[in-house]
Amino acid sequence: MTGAEMVFQALEDQGVKHIFGYPGGAVLPIYDELKNHKKVKHILVRHEQGAGHAAEGYARSSGKPGVILVTSGPGATNTVTALTDAYMDSIPIVCITGQVPTHLIGTDAFQECDTTGITRPCTKHNWLVKDVNKLSQILHKAFEVATTGRPGPVLIDIPKDIQFKKGKYVKPKIQKENNQKSKSTFNGQDKSIDAAVDLFKKSSKPILYTGGGVINSGPKATQLLRELVSLTGFPITSTLQGLGAFPGYDQQFLGMLGMHGTYEANNAMHDCDLMINIGARFDDRITGKIDEFSPGSKKIHIDIDPSSINKNIKVDIALVGDVKVVLEKLISVFKSKNPDFANSNKQKISAWWSQIENWRKKNSLNFVNSKEVIKPQFAVQRLYELTKAQDTFITTEVGQHQMWAAQHYKFDKPNRWMTSGGLGTMGYGLPAAIGVQVANPNKLVIDIAGEASVLMTMQEMSTAAQYKLPIKIFILNNEYMGMVRQWQELLHDKNYSESYTAALPDFVKLAEAYGCVGIRARKPEELDEKIAQMLSVNKPVIFDCVVDKAENCYPMIPSGKPHNQMLLGEQDEEEISDEGKVLV
């Protein structure tokens, strides 16, 4: 086979149904081969960054790796943001890039760049293929690396002459079940499991702290998490990326924790005597001030990535392995030692639950509603109420709207919430929604957006229109880079330097220019009717929801402060230290 034929044969052998890409000179032999492979559908994006985010949305919502195909030079460099985003949020992506012919590498040839050098820090692994006979094995290895262990992006850089050359294609080896692989890596941790179970029994103020690793582990892991919560009666909270692993409406769920998490979740994290971290990485948006983070607690950390253990926070017990496998073992031992734990332990943690209920009475997600102007929190609440009966998938851009979506849209299933967490990439949500819709063609997909973020990748509306993908772009339009404005208000004496988004387009007309549907809501009383109109349209929609320009996102842990010093509203605003300003 030629190298180009090998690429598609490998994609078919790996079960790939969709790829997201943009052609260019160094990758034309592969694009020429596309006509011979009807099992793989190519989605033409309008910018390579869009291909990357679409592949992320596809992967997150389907559990399958997302695949990108782009050209050399600027095609490859345009994917770097998406690759870094996927790396930070542990999303399996296989990126195939074209490269100049091997004899021109290093000569500063047209559209040449050191793709593997540039992407080494933001991929799990990458390869520059110089021998066509190694290409098929590298392609198969790429899928294995992207999807096993802690998932993440990989890249294969294929020079143009390798795409033309002929060589021997090798089929993928039949992989042993990941489950067996994970089990073998979890051997020898029985003492740690026993120690963890003992801490469960001793604790009077426990909390389960869950992250994206639960969702990455698959549907079985979320079932096991729910079983563990039921068995123990412990309260549970979640990071931004873990939302949906446990039902958002359940009474044992304290809401999201972290910088814009709930008062009850953050205070429970600070005051607990046992913290059980399941698939989260103790990042700075969660921990706040590290030397005052949950000072009185024993800490158990379950994570597939050994490098995450003790990286930011020192823990007492580490259980290294796939969440699903670790929870299976933990629950099995727990049941055998404590058959009726939830009932027998109720009294022991009753005072803890009473304290949590007192914190809940603060109603930290409350806001002052208005009959004159749409409050952004109210808009998200109405969107939730009108879509919760459907199996809805939500993506977001990055900023205040992202936090309001996380706070006020309640998820009860995994893989329904796609947001840029680690990198905080403005422009993520629209192309991610395209990827989600491709993976879930008959489902409702909504990007809860900010007007500044969404303009960064607005050109992808052409992709939605071309492939008749009925995504809904629900813009909370406050005419500001809202989170930037909020920080300028709190940290920089209300000097709103360059955060006002002047010269905005008319989003209704812009939607119509793309051949899509535009809707605008300005008053609270018209919101339900306009949302219903959006939902009734089987076409891409841009919904311009004009909201209060001055609304800030609360509650909030000021940078440099511990969890138990939250701001619940403007009345709590205080001067932030110089150390705190540096941490923003």
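For the numbers below, each heavy atom of this structure counts, side chains included, while hydrogens, waters and symmetry mates do not. Note that the structure is a prediction, hence the values are computed from the model and not measured.
Distance check, rounded to the nearest 0.5 Å: CD of Q407 to OG of S364 gives 7.5 Å. Expressed to the nearest 0.5 Å, how far NZ of K523 lies from CG of L527 amounts to 13.0 Å. Atom CD of E397 is separated from atom CD of Q402 by 9.0 Å, given to the nearest 0.5 angstrom. To the nearest 0.5 Å, atoms OG1 (T457) and CE (M426) are separated by 10.0 Å. Here the straight-line distance linking atom CZ of R150 with atom CG of D303 works out to 6.5 Å at 0.5 Å rounding.
With respect to H42, the ring-ring contact (aromatic ring centres under 6.0 Å, His included) criterion is satisfied by exactly one of F20, Y22, Y31: Y31. Just one residue in the list E479, R485, Q488, Q486 forms a side chain to side chain donor-acceptor pair (under 3.5 Å) with S499, and that residue is Q488. Partner of N477 under the side-chain contact (heavy atoms from CB on, under 4.5 Å) criterion, chosen from H401, R520, E451: E451.
With sequence neighbours excluded, the residues forming a side-chain contact (heavy atoms from CB on, under 4.5 Å) with P92 are A59, P65, A146, T147, P151, listed by chain and number. Scored by the side-chain hydrogen bond (donor to acceptor under 3.5 Å, both in side chains) test, T123 finds no partners at all (sequence neighbours excluded).
Residues W487 and M556 come closest through the heavy atom pair CH2-CE, 3.9 Å. The two atoms that bring V94 and A142 nearest to each other are CG2-O, 4.3 Å, heavy atoms only. Taking every heavy atom of both residues into account, W404 and V380 meet most closely at O-CG1, 3.9 Å. Of all the heavy atoms in L44 and P23, the pair that sits closest is CD1-CD, 3.7 Å.
The backbone N or O of T97 sits nowhere less than 3.5 Å from a side-chain atom of T71 that would complete a donor-acceptor pair. One N or O on the side chain of Q400 and one on the backbone of E551 form a donor-acceptor pair closer than 3.5 Å. When atom types are taken as modelled, the side chain of S217 and the backbone of V214 share no donor-acceptor pair closer than 3.5 angstrom. No donor-acceptor pair closer than 3.5 Å links the side chain of D89 to the backbone N or O of I91. Within the 3.5 Å criterion, the main-chain N or O of N495 finds no donor-acceptor partner in the side chain of D493. R416 contributes no side-chain N or O that, together with a main-chain N or O of L243, makes up a donor-acceptor pair within less than 3.5 Å.
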Self-check item: Derivation and outcome, side chain to side chain contact (heavy atoms under 4.5 Å, CB included), residues I542 and V454
Solution: CA-CA 10 Å; I542 297 178; V454 78; over 6 Å; no
Quiz item: Are R281 and Q241 close enough, and set up right, to give a side chain to side chain donor-acceptor pair (under 3.5 Å), and what steps lead you there?
Solution: CA-CA 11 Å; R281 57 188 179 87; Q241 297 295 21; over 6 Å; no
Self-check item: Full working for side chain to side chain donor-acceptor pair (under 3.5 Å) between T119 and N126
Solution: CA-CA 8 Å; T119 60; N126 61 22; 3.0 Å; yes
Quiz item: Stepwise, does the side chain to side chain donor-acceptor pair (under 3.5 Å) test hold for E460 with T463?
Solution: CA-CA 5 Å; E460 299 306 334; T463 306; 2.9 Å; yes
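Using bins of under 30°, 30° to 60° and over 60° for the plane-to-plane angle, the ring pair F411/W417 lands in the tilted bin. Using the six-membered ring where Trp is involved, F293 and F282 have ring planes that are perpendicular, over 60° apart on the 30 and 60° scheme.
Contacts classified as ring pair (Phe, Tyr, Trp, His ring centres under 6.0 Å) and involving residues 379-400 (residues at least two apart or in different chains) are given here: Y384-Y409. Judged as a ring pair (Phe, Tyr, Trp, His ring centres under 6.0 Å), the pairs with a partner in residues 426-446 (not counting sequence neighbours) are, in order, H53-Y428. Contacts classified as salt bridge (Lys or Arg N to Asp or Glu O under 4.0 Å) and involving residues 525-542 (residues at least two apart or in different chains) are given here: R382-D528, E526-K530. Residues in residues 256-267 take part in no side chain to side chain donor-acceptor pair (under 3.5 Å) pair, two or more places apart or across chains.
Taking the charged nitrogens against the carboxylate oxygens, K413 and D391 do have a contact shorter than 4.0 Å, which makes a salt bridge.
The environment of CD in E372 is sparse: at most 12 heavy-atom neighbours from other residues, nucleotides or ligands sit within 6.0 Å.
Between M458 and L430 the shortest side-chain heavy-atom distance falls below 4.5 Å.
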